[in-house]
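Report on the structure given below.
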Number of protein chains: 2
Amino acid sequence: MRRKSRTGDGDGNTRQRILDAAERLLAEKSYHAVSTRMITEAAEANTAALHYHFGTKEAVVQAIFERRLGPINRKRIKLLDAFENQQEPDLEEVLKAFIGPTLMLNASEGERYFKMLSSNISMDPSEELRRFSFDFYREVGEKFVRLIARVCPHLTPEELFWRMGCVYGAMVYIRADNGRLQLILGHELSFRNDTRGLEMMARFLAAGLKAPAVF
Amino acid sequence: MRRKSRTGDGDGNTRQRILDAAERLLAEKSYHAVSTRMITEAAEANTAALHYHFGTKEAVVQAIFERRLGPINRKRIKLLDAFENQQEPDLEEVLKAFIGPTLMLNASEGERYFKMLSSNISMDPSEELRRFSFDFYREVGEKFVRLIARVCPHLTPEELFWRMGCVYGAMVYIRADNGRLQLILGHELSFRNDTRGLEMMARFLAAGLKAPAVF
DNA sequence: AAATAAGTCAAGCGTTTGTTTGAAATGTCT
DNA sequence: AGACATTTCAAACAAACGCTTGACTTATTT
């Protein structure tokens, strides 16, 4: 029998439970639609525990990102650096190096939630959340863009910008996996089988980037 | 001198002012980050006026969509229907027919805000807002998907699904124009010049869809 | 076993949320 | 000008918001 009140059992993993609960809720709802009370109730913790461990609601998201994104970005940088001294890197491989680590997150339920959550944060228009994306994605993002620009010398800065918008959009939309496309297509597919998905995305995006310039 | 209190002047355009204010705010912030009070204050209207004219906060968004999306979707359907009896429609043209009317929204400030707002709503993970997208986009979305599936017989349903995810992602991300990519690329471009942008997007996405299947 | 630190608790802080009320002001019609 | 419907108003509703408090329980150290 699961006890409803956890009075005084102090098992010391409250911090983790809060992170896990927030991770799930933020995958299902936008940041401003999730309250600290919803998080702590789902975590079977006290409201004050959240502020004791993290300080603010925003800091909870910060902690979620720090927990998951460190390993991911290290992997991305390592993979991208391997292309840096290469004469003519294969575009599909570059794309897989950049997208793969953020897409192949199926080792745990929490990873799957983080995949969606991080995508939601990356699309949120609110100013407060825009800083987030910048702080966490700037380094690897700049590395990626430099590499793409080198592999795509046929594109002007303007056209590169628009095509990068398509690339980022595809990444964010597929990682969000919000279920809208399924409704239109009418079948029960999802963006979860990411080993196959990564191949298909890389094929699509590489062909898009390689296409002759319009201007 | 602009009077702060609009007591009793009853100029009868309160409804419009509320829609305009909500349109701007929802382009800048997510649905749950915008309150009815923020909307009515920006519209220089009374809080009760919003509920008098619309009933609920959600109905305001509904009204915004009805005001703008009717003409847009009629145009899309007309353009797409022209391909229906065509033997081999040109893929870039099909994409321009579908994307164009939702991207070329620069006739007024309100249209530009709606472009961003509608994209934000289309990406919001909240269940309540998911219905929205379905109700307003289903018909034209299904028409578009059928057409793409016909032009792309080399793709399995699974691969078509992933590539459509890339297409939708690019559309939504570029229309949102949330400024994150500019930060990474470091220059002052934007997704606002949409006559050129539409050409570049169609080129990219058509090449992606036409690429040989992976599976 | 006493002292200190770390964590959890119910309760409440002031503020904001979406929405409602009933009266007052305006517009329209005869 | 009088009557009736439409619109706007200040004020308030209960509920929920992020966050804080101070007492209390557990864990660690000595």
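Order of the sequence lines sets the chain letters (A, B, ...), proteins ahead of strands, with each chain counted from 1. All values below were derived from every heavy atom in this structure, side-chain atoms included, with hydrogens, water molecules and symmetry-related copies excluded.
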Report summary line: Here the distance between atom P of D/dA27 and atom CZ of A/Arg15, to the nearest Å, is 19 Å
**Report entry** Candidates C/dG7, C/dT19, C/dC9 - which lies nearest the side chain of B/His51
**Finding:** C/dT19
Query - Gap between atoms CD1 and P, on A/Ile18 and C/dC9 respectively (whole Å) - result: 10 Å
Query - A/Ala48, nearest nucleotide to its side chain (from D/dT20, C/dG18, C/dG7) - result: D/dT20
Report summary line: To the nearest angstrom, the OH-P distance between B/Tyr52 and C/dG22 comes to 16 Å
Query raised in the report: Atom CZ of A/Phe54 to atom C1' of D/dG18: distance rounded to whole Å?
Result: 15 Å
Query raised in the report: So what does A/Thr47 hit on the nucleic acid, given a heavy-atom distance under 4.0 Å: a base, only sugar-phosphate, or nothing?
Result: base
Report task. In whole angstrom, give the distance that lies between atom NZ of B/Lys57 and atom P of C/dT19. Result -> 8 Å
Requested in this report: State which of C/dG18, D/dC17, D/dT7 makes the closest approach to the side chain of B/Arg37.
Outcome: C/dG18
Query raised in the report: So, B/Glu28 side chain and A/Pro125 main chain: donor-acceptor pair closer than 3.5 Å or not?
Result: no
Query raised in the report: Would A/Lys96 and A/Glu93 pass as an ion pair if we require N to O under 4.0 Å?
Result: yes
Query raised in the report: Rounded to whole angstrom units, what separation is found between the CG atom of A/Asn46 and the C1' atom of D/dG18?
Result: 14 Å
Query raised in the report: Can you tell me if A/Ser122 and B/Arg180 form a side-chain donor-acceptor pair at under 3.5 Å?
Result: no
Query raised in the report: With the threshold set at 4.0 Å, does a side-chain nitrogen-carboxylate oxygen contact exist between A/Lys57 and A/Glu128?
Result: no
Report task. Name the nucleic acid region contacted by A/Val34, choosing base, sugar-phosphate or nothing; use a 4.0 angstrom heavy-atom cut-off, strictly under. Result -> sugar-phosphate
Query raised in the report: Are B/Glu23 and B/Arg67 close enough for a salt bridge, meaning some N to O gap below 4.0 Å?
Result: yes
Query raised in the report: Rounded to the nearest Å, what distance is computed from the CG atom of residue A/Leu50 to the P atom of nucleotide D/dC19?
Result: 8 Å
Query raised in the report: Given C/dT8, is OP1 or OP2 found less than 4.0 Å from the side-chain N or O atoms of A/His53?
Result: yes
Report task. Mind calculating the distance between CD1 (B/Ile39) and P (C/dT17) to the nearest angstrom? Result -> 10 Å
Query raised in the report: Counting just side-chain N and O atoms, does B/Ser35 come under 4.0 Å of either OP1 or OP2 of C/dT17?
Result: yes
Report task. With heavy atoms under 4.0 Å as the rule, sort B/Thr36 into base, sugar-phosphate or nothing. Result -> base
